[in-house]
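Remarks on the structure that follows.
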Amino acid sequence: MGCVESMNYEIVLRDATFKESRDYIKSNFKEFIDVQPGFKVFDVHVIGLPPIAIGLDGDFVVFPYTKPCHGTFLLRVEDGEEAARLRSLKK
Amino acid sequence: MTGEPPASAETALLVLGCPQVPVQTSIALYLINRLKQAGLKPVVAGNKAANTLLVVADPDRHYLMEVMDLDRAVAQISDKKRDFDRCFVFIHNDAGVSYAATMGAISNAKLYVIIYGEHYEEQVKKIEFPCTIIAAKAVHNPLPLKKAIDEVKPWAV
């Protein structure tokens, strides 16, 4: 997951619990997809209790990023291609 | 330690949490020893700090075998490049529960969660996925957690 450091990301939530991050996405984004743990967003395998919510807001992707010592962060990254790929996975 | 497990031995992944609670390193070494004595091959996956605590404590690798980066372990298992027979996830915070749920979803390993810390009961309540729970209130003194592990004997065939 080294690539997170090289992304131009904005931290939406920090040091949250996994549940707080899922609730935040579901209550703040009209558009989201549910994925399973290990699903790859950019080059990040997402961690969490299934289902894991990933928010979509135009060209922005909002996803949880968990670190053992700092809990779960919600990161917001602008990438039209990745947002389109994730949209295409919606049923 | 007497002898190394054979190359064909069952494998056990130890997923370490944040090392801020002292008992983790002690219990990890204890479990590694027990697993090796039972003929299993333990592999440790943690962040840099958690791994370094173990590596520095065992410079001649009497206990440790393979030690890998936690993110790399998640990537390899998610991508179906590697899996393990048993998986032990160390938990004392919410992130630990997230890693355990992830291992339960991506791996075919038999899953054990080792829960400790001052507020271990809060984390126990969050476990809603199939696994064997080993839990004790343990922060500085590893003996309550060692006792809980000994009762389960997760190294047994």
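Within every chain, numbering begins at 1; the chains are lettered A, B, ... in the order of the sequence lines, protein sequences first and strands thereafter. When reading the values below, keep in mind they use all heavy atoms of this one structure, side chains included, and skip hydrogens, waters and symmetry mates.
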Requested in this report: Heavy atoms only, distances under 4.5 angstrom: which of B:Ser78, B:Ala49, B:Gly96, B:Gly46 has the most pairs with chain A? Name it, please.
Outcome: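 With the most close heavy-atom pairs to chain A, the winner is B:Ser78.
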
To the nearest 0.5 angstrom, please state how far the [atom1] atom of [X] sits from the [atom2] atom of [Y].
{"X": "A:Phe18", "Y": "B:Thr102", "atom1": "CZ", "atom2": "OG1", "answer": "8.0 Å"}
{"X": "B:Met103", "Y": "A:Ile47", "atom1": "CE", "atom2": "CD1", "answer": "6.5 Å"}
{"X": "A:Leu49", "Y": "B:Lys126", "atom1": "CG", "atom2": "NZ", "answer": "9.0 Å"}

Find out if a path of hydrophobic residues (ILVMFWY) with successive side-chain heavy-atom gaps under 4.5 Å connects [X] to [Y].
{"X": "B:Ile77", "Y": "A:Phe39", "result": "yes"}
{"X": "A:Phe60", "Y": "A:Val35", "result": "no"}
{"X": "A:Leu13", "Y": "A:Met7", "result": "no"}
{"X": "B:Leu64", "Y": "B:Leu14", "result": "yes"}
{"X": "B:Val124", "Y": "B:Val89", "result": "yes"}

Taking the side chain as C-beta and beyond, is there a heavy-atom pair between [X] and [Y] under 4.5 Å?
{"X": "B:Ser98", "Y": "A:Pro37", "value": "no"}
{"X": "A:His45", "Y": "B:Asp79", "value": "yes"}
{"X": "A:Pro68", "Y": "B:Leu16", "value": "no"}

Is it the backbone or the side chain of [X] that comes under 4.5 Å from a heavy atom of chain A, or both, or neither?
{"X": "B:Leu70", "value": "side chain"}
{"X": "B:Ala105", "value": "side chain"}
{"X": "B:Val97", "value": "both"}

Query - chain B contacts, top residue of A:Gly38, A:Gly48, A:Gly71 (heavy-atom pairs, under 4.5 Å) - result: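 Ranked by heavy-atom pairs under 4.5 Å with chain B, first place is A:Gly48.
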
Requested in this report: Return the set of residues passing side-chain hydrogen bond (donor to acceptor under 3.5 Å, both in side chains) with B:Asn141 (not counting sequence neighbours), or none when no residue passes.
Outcome: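 If we apply the side-chain hydrogen bond (donor to acceptor under 3.5 Å, both in side chains) test to B:Asn141, skipping adjacent residues, there are no hits.
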
Query raised in the report: Hey, mind stepping through B:Asn93 and A:His70 against side chain to side chain contact (heavy atoms under 4.5 Å, CB included) and telling me if it holds?
Result: CA-CA 9 Å; B:Asn93 60 12; A:His70 301 288; over 6 Å; no

Report task. Answer yes or no: does atom NZ of A:Lys26 have more than 12 heavy-atom neighbours from other residues, nucleotides or ligands under 6.0 Å? Result ->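 It does: A:Lys26 NZ has more than 12 such atoms within range.
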
Query - Whether over 12 other heavy atoms sit under 6.0 Å from A:Arg85 CZ - result: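 Enclosed: over 12 neighbouring heavy atoms sit under 6.0 Å from CZ of A:Arg85.
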
